[in-house]
Amino acid sequence: ITDSLLVKKSEGGFMSAVLSPGTRAVSVAVNAISGNAGFIFPGDHVDLILTHNIPVADEGGIKGPVVSKTFVEDVRVVAVDQMLDNPDNKAVVAKTVTLEVSPEQ
């Protein structure tokens, strides 16, 4: 095996090398609350929860009750913002988290 055949973290093409066969990388916008206050790191596994208002019929656009549902479970975090690893394990309040998901997810 020569160096030219290896993929390095700092080079392009890394994402295709790090994903399991048959999976995809999907990025999700996060904030300090949804990103777990900066304590989600590459390699962690997370659930995705959708929280929304149920519309109330015939109420003139009034928002109904707030509900939450887990719609994807146990997905691997591939990157946080553009960091593929965090050797110091320092909290980073991210704007984007990239997850490894199957096409069905």
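Throughout, numbering of the chain's residues begins at 1 and tracks the sequence. This one's a predicted model, so the numbers in the text were calculated from it and none came from an experiment.
In this view, S27 and T98 satisfy the side-chain hydrogen bond (donor to acceptor under 3.5 Å, both in side chains) rule, not counting sequence neighbours. In this structure L50 satisfies the side-chain contact (heavy atoms from CB on, under 4.5 Å) test together with H52, F71, sequence neighbours excluded. L19 pairs by the side-chain contact (heavy atoms from CB on, under 4.5 Å) definition with M15, T23, A25, V78, E100, not counting sequence neighbours. Checked against side-chain contact (heavy atoms from CB on, under 4.5 Å), V46 has the following partners two or more places apart in sequence or in another chain: I40, V75, V77, L99.
Nearest heavy-atom pair across S34 and A29 is OG-O, 4.5 Å. Nearest heavy-atom pair across A94 and D81 is CA-OD2, 3.5 Å. Nearest heavy atoms, A79 versus P42: CA-CG, 4.1 Å.
The other members of the hydrophobic cluster of I54, by chain and number, are V67 (side-chain heavy atoms under 4.5 Å, ILVMFWY only). Clustering of Ile, Leu, Val, Met, Phe, Trp and Tyr by side-chain heavy atoms under 4.5 Å joins V66 with none of the others.
The backbone N or O of H45 lies less than 3.5 Å from no partner atom in the side chain of D74, so there is not a single donor-acceptor pair.
The distance from the OG1 atom of T51 to the NZ atom of K69 is 12.0 Å, given to the nearest 0.5 Å. To the nearest 0.5 Å, atom NZ of residue K95 and atom CG of residue N31 are 12.0 Å apart.
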